[in-house]
Amino acid sequence: MSAVLTAPAQPVAPVQEFEASPRVLALIRDTALFLGASPEQAREASRTGTIALQSRTLALVPDMDEEVLILSAPLPADCLDDPARRVAALRACTALMLSFGAVFARGIAGPQVLGRCPLVNTSAEVVGRHLLQLAALANAVQAGVPRAANEACADRKEPSHAE
């Protein structure tokens, strides 16, 4: 006895992978559009919670109360393998947290730069600026250029979330 498998007549709609309120999903879609994504790419960003930016994929996750958006920029697996680089990253965390709201992390997914963006009264432009800064910081760290990483933080001006 054999069964014949047939493909569905219509393509199955992609599963919503990213769980957030409609407000946050719309904000992520609008942020992707602000950053130059096509409407299709923006829909995909709100479906998955990821945005491709500056040759890396950034992840966005709201906290439980949707007051803050956690941003993640992955780094190469070997980026923090060197003990001197780990110490430098640890030392930089205090300055990064104070000036940018970002830290270095090493976890199951590997090394990454984590940032936060308040969601209260925010706009797609504000979230977009946070993502651009996080991507610039991750690129500078990956390139091993401490001065570039410092400039990514020093040039940042805290945006008004009332915009």
Side-chain angles (χ1 to χ4, degrees), residues 17-20 24-25 27-38 41-42 44-163:
E17 298 173 12
F18 182 66
E19 293 185 26
V24 173
L25 294 175
L27 179 64
I28 291 173
R29 184 196 65 237
D30 293 346
T31 298
L33 291 170
F34 171 79
L35 292 170
S38 69
Q41 291 168 323
E44 187 68 5
S46 69
R47 185 183 74 76
T48 63
T50 61
I51 293 180
L53 184 64
Q54 296 181 7
S55 72
R56 63 179 67 246
T57 300
L58 304 176
L60 304 90
V61 179
D63 69 342
M64 279 188 58
D65 298 324
E66 293 191 347
E67 294 178 358
V68 172
L69 198 58
I70 306 300
L71 315 172
S72 171
L75 296 169
D78 63 349
C79 185
L80 297 177
D81 281 354
D82 178 54
R85 288 196 82 183
R86 282 196 303 273
V87 169
L90 182 60
R91 287 185 177 147
C93 279
T94 301
L96 287 173
M97 181 55 75
L98 293 173
S99 64
F100 183 65
V103 295
F104 293 107
R106 281 180 59 188
I108 294 173
Q112 54 192 311
V113 182
L114 299 174
R116 63 186 300 278
C117 177
L119 284 174
V120 178
N121 297 322
T122 197
S123 67
E125 181 180 353
V126 170
V127 176
R129 283 190 261 150
H130 277 271
L131 288 170
L132 287 168
Q133 289 290 79
L134 193 71
L137 178 59
N139 287 341
V141 170
Q142 183 174 338
V145 185
R147 178 172 287 150
N150 290 337
E151 289 171 4
C153 292
D155 292 342
R156 185 179 190 284
K157 293 180 182 171
E158 187 62 30
S160 167
H161 296 289
E163 294 173 349

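- Residues Leu96 and Val113 fail the side-chain proximity criterion, which asks for heavy atoms closer than 4.5 Å.
- One distance of note links CD of Gln112 with CG of Leu80; it measures 10.5 Å at 0.5 Å rounding.
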Identify all side-chain donor-acceptor contacts of residues 58-70 below 3.5 Å with residues at least two apart in sequence or on another chain.
residue	atom	partner	partner atom	Å
Asp63	OD1	Glu66	N	2.8
Asp63	OD1	Glu67	N	2.8
Asp63	OD1	Val68	N	3.2
Glu66	OE1	Ser21	OG	2.5
Glu66	OE2	Ser21	N	2.8

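- Rounded to the nearest 0.5 angstrom, Gln142 CD and Leu137 CG are separated by 11.5 Å.
- Side-chain contact check for Val127 versus Phe34: every heavy-atom pair is 4.5 Å or farther apart.
- For Ala102 against Leu134, the heavy-atom pair with the smallest separation is CB-CD1, 4.4 Å.
- Here the CG-CD distance, from Leu131 to Gln54, works out to 10.0 Å after rounding to the nearest 0.5 Å.
- Minimum heavy-atom separation, Val126 to Cys117: CG1-SG, 4.3 Å.
- Nearest heavy-atom pair, Cys79 versus Arg85, reported as atom, atom and distance to 0.1 Å: O-NH1, 3.5 Å.
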**Q.** Test side-chain contact (heavy atoms from CB on, under 4.5 Å) applied to Thr50 and Glu17, step by step
**A.** CA-CA 10 Å; Thr50 61; Glu17 298 173 12; over 6 Å; no

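- In this structure, CE in Met97 is found 8.5 Å from CG in Leu114, a value given to the nearest 0.5 Å.
- Scanning both residues, Phe104 and Ala92, for their nearest heavy atoms gives CE1-CB, 4.0 Å.
- Between the CG atom in Leu27 and the OG atom in Ser123 there is a gap of 7.5 Å [rounded to 0.5 Å].
- Residues Arg129 and Gln133 have side chains not in contact (no heavy-atom distance under 4.5 Å, counting atoms from C-beta outward).
- Here Arg47 contributes atom CZ and Leu25 contributes atom CG; the two are 12.0 Å apart, rounded to the nearest 0.5 Å.
- The minimum heavy-atom distance linking Leu53 with Ala135 is given by the pair CD2-CB, 4.2 Å.
- Arg86 places a side-chain N or O within 3.5 Å of a backbone atom of Asp81 that can act as its donor or acceptor partner.
- The nearest pair of heavy atoms linking Ala45 to Ile28 is O-CG2, 3.7 Å.
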